[in-house]
Each structure stands twice: as C-alpha cells, then as structure tokens.
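Written out below as structure tokens is the structure these notes cover.
All values below were derived from every heavy atom in this structure, side-chain atoms included, with hydrogens, water molecules and symmetry-related copies excluded.
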Amino acid sequence: PNGATWIVDVGQNQAIEFDADGKKLRTLGGPKIRFNMPTDLAFLSDGAMVVSDGYVNSRVVKFDPDGRIMAAWGKKGSGPLQFDVPHSIAVDGKGLVYVGDRSNNRIQVFDKNSPELGKPCSNPTGQAGKCGFVTEQLISEHTNTSIPGTAVTMSFSSDKAQSCLYVGDNSNMTLYILNRDRKSVV
C-alpha cells in the first residue's frame with residue numbers, strides 16, 4: 001500500500017516495510033511482537049494486515065494500519081483454527097482471509113469481520129461462522145517427498161470477481177487453479 005514494499009524475513013522473525021527508495025520505514029517483530037519464523041503477509045482493504053507466523057508459532061496475527069496487534073488465532077494442530085506451518089496468506093476483495101496450511105495440505109478461510117476471530121473460542125468440528133472460521137479446502141494429500149506440504153504460495157486471479165485462486169505446491173511441483181465458487185480444481 002501507498003507505494004511501500006513489505007518483506008517477511010523468516011530468519012530475523014520480522015516483517016519490514018520499505019519506501020520506494022529502499023529506506024526502512026518500520027519493522028513488525030521483536031520484543032513486543034514475538035514472531036517465530038513468519039512466512040507471509042497480506043493487506044485488508046482498510047490498511048490492516050495479517051501475517052502468517054508459520055514455522056513455529058502456527059498462528060495468524062492481525063495488525064491495524066499503525067502496526068498494533070488487533071488479534072491472533074491458531075495453534076499447532078490439524079483441526080479447524082489449527083495450523084501446521086501456515087505458510088501463505090491472501091485476502092480477497094470481500095475480506096476473507098485465506099491461509100495456506102502447508103503441512104496439513106489445505107487452505108483454511110476466515111472472515112475478518114467475525115467478532116469471534118482471534119478471541120478464545122472453540123470450534124472442533126469446523127462449523128462455518130463459528131470463531132471466524134468459514135471453510136477449508138484440501139489441496140493434495142500426496143506429499144510424501146523431501147519437501148512436505150502444499151499451499152506454499154497463493155494468489156487470486158485478476159478478474160473483478162477474483163474467481164480463481166492459484167495455489168503453489170512445492171511438494172508436487174504443481175500449480176493448482178481453484179474455482180472459488182465451486183471450491184474445486186479447474
């Protein structure tokens with residue numbers, strides 16, 4: 001946003017903003033915000049951002065436009081609202097947050113407008129609308145390679161409806177194109 005470039009530095013446990021000239025503007029992470037190997041970030045339409053804090057913390061952290069923590073959700077596991085290396089994150093035009101749950105070989109979708117999202121809440125069955133959870137989609141269950149997991153990167157198609165979600169799969173060296181309405185591979 002605003003011509004800035006953001007990078008996620010997994011080794012330094014930070015997300016860093018730079019201006020168009022390469023000058024560092026700010027850093028998220030450090031003593032107040034304990035990332036542990038973050039992997040990606042995405043922006044909401046209001047300027048807020050979400051960071052997938054992937055390899056160790058297994059969570060998503062939401063920040064306001066000024067970099068203050070608004071919410072965090074997730075923990076290690078394979079159930080709804082649980083992650084095993086949340087590796088990629090994307091936000092669609094409706095404000096739905098898509099999290100590439102790499103080692104669980106799926107994408108989980110959350111509603112940024114849910115008042116329960118990021119608050120203590122239990123949803124072991126994955127009930128849509130509870131705790132901010134919307135749905136999940138298995139990407140590929142065949143990941144028995146030296147590079148485990150799918151959903152390592154995601155991007156939406158450029159049409160106005162963002163009708164497709166492109167999902168990169170490291171394990172199978174495959175790019176999946178998902179029709180978002182049917183939740184199926186095109």
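Minimum interatomic distance between Q82 and D101 (heavy atoms only, all atoms of both residues): O-OD2, 3.4 Å. For P65 against M49, the heavy-atom pair with the smallest separation is O-CE, 4.5 Å. Between G149 and S171 the shortest heavy-atom distance is O-CB, 3.3 Å. The two residues V152 and S88 make their nearest non-hydrogen contact at O-CB, 3.4 Å. Minimum heavy-atom separation, M37 to N13: N-OD1, 2.6 Å.
Listed by first and then second residue, the side chain to side chain donor-acceptor pair (under 3.5 Å) pairs that reach into residues 157-168 are S157-D159, D159-S163, sequence neighbours excluded. Applying the side chain to side chain donor-acceptor pair (under 3.5 Å) definition to pairs two or more places apart or across chains, those involving residues 41-62 are T39-S52, D53-N57, D53-R59, Y55-H87, Y55-R102.
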**OP:** Mind running side-chain contact (heavy atoms from CB on, under 4.5 Å) on M154 and L165 for me, showing each step along the way?
**Re:** CA-CA 7 Å; M154 295 183 294; L165 177 65; 4.1 Å; yes
**OP:** Take S140 and N105 through the side-chain contact (heavy atoms from CB on, under 4.5 Å) test and state the conclusion after the steps.
**Re:** CA-CA 6 Å; S140 175; N105 303 309; 5.7 Å; no
Subject >> From CA spacing to verdict: side-chain contact (heavy atoms from CB on, under 4.5 Å), V167, Q137 >> reply: CA-CA 11 Å; V167 181; Q137 174 66 46; over 6 Å; no
**OP:** Begin from the C-alpha positions of I69 and V61 and carry the test side-chain contact (heavy atoms from CB on, under 4.5 Å) through to its verdict.
**Re:** CA-CA 7 Å; I69 293 179; V61 183; 4.1 Å; yes
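Alongside F110, the hydrophobic cluster contains L44, V50, V60, W73, L81, F83, I89, V91, V97, V99, L117, F133 (criterion: ILVMFWY side chains under 4.5 Å). Taking Ile, Leu, Val, Met, Phe, Trp and Tyr as members and joining any whose side-chain heavy atoms lie under 4.5 Å apart, directly or through other members, the hydrophobic cluster of F18 also contains I7, I16.
By the salt bridge (Lys or Arg N to Asp or Glu O under 4.0 Å) test, D111 is found to be paired with no residue, residues two or more places apart in sequence or in another chain being considered.
Hydrophobic cluster membership is shared by V56 and V10, with clusters built from Ile, Leu, Val, Met, Phe, Trp and Tyr side chains linked at under 4.5 angstrom.
Taken to the nearest 0.5 Å, the NZ atom of K112 stands 13.5 Å off from the NZ atom of K94. Rounded to the nearest 0.5 angstrom, D9 CG and L28 CG are separated by 12.5 Å. Rounded to the nearest 0.5 angstrom, D84 CG and S78 OG are separated by 8.0 Å. We find the CG-CG distance between L25 and D19 to be 5.0 Å, quoted to the nearest 0.5 Å. The line from CZ of R106 to CD1 of I139 is 11.0 Å long, rounded to the nearest 0.5 Å. From I107, atom CD1 reaches atom OG1 of T135 across 10.5 Å, with rounding to the nearest 0.5 Å.
Residues L175 and D169 fail the side-chain proximity criterion, which asks for heavy atoms closer than 4.5 Å. Residues Y98 and Q108 have side chains not in contact (no heavy-atom distance under 4.5 Å, counting atoms from C-beta outward).
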Pair up each side-chain donor or acceptor in residues 123-131 with any protein partner under 3.5 Å, not counting sequence neighbours, and list the distances.
unit_1	atom_1	unit_2	atom_2	d
N123	OD1	G126	N	3.1
N123	OD1	Q127	N	2.8
N123	ND2	Q127	O	2.9
N123	ND2	K130	O	2.9
K130	NZ	S122	O	3.2

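A salt bridge links R68 to D64: one of the charged nitrogens lies within less than 4.0 Å of a carboxylate oxygen.
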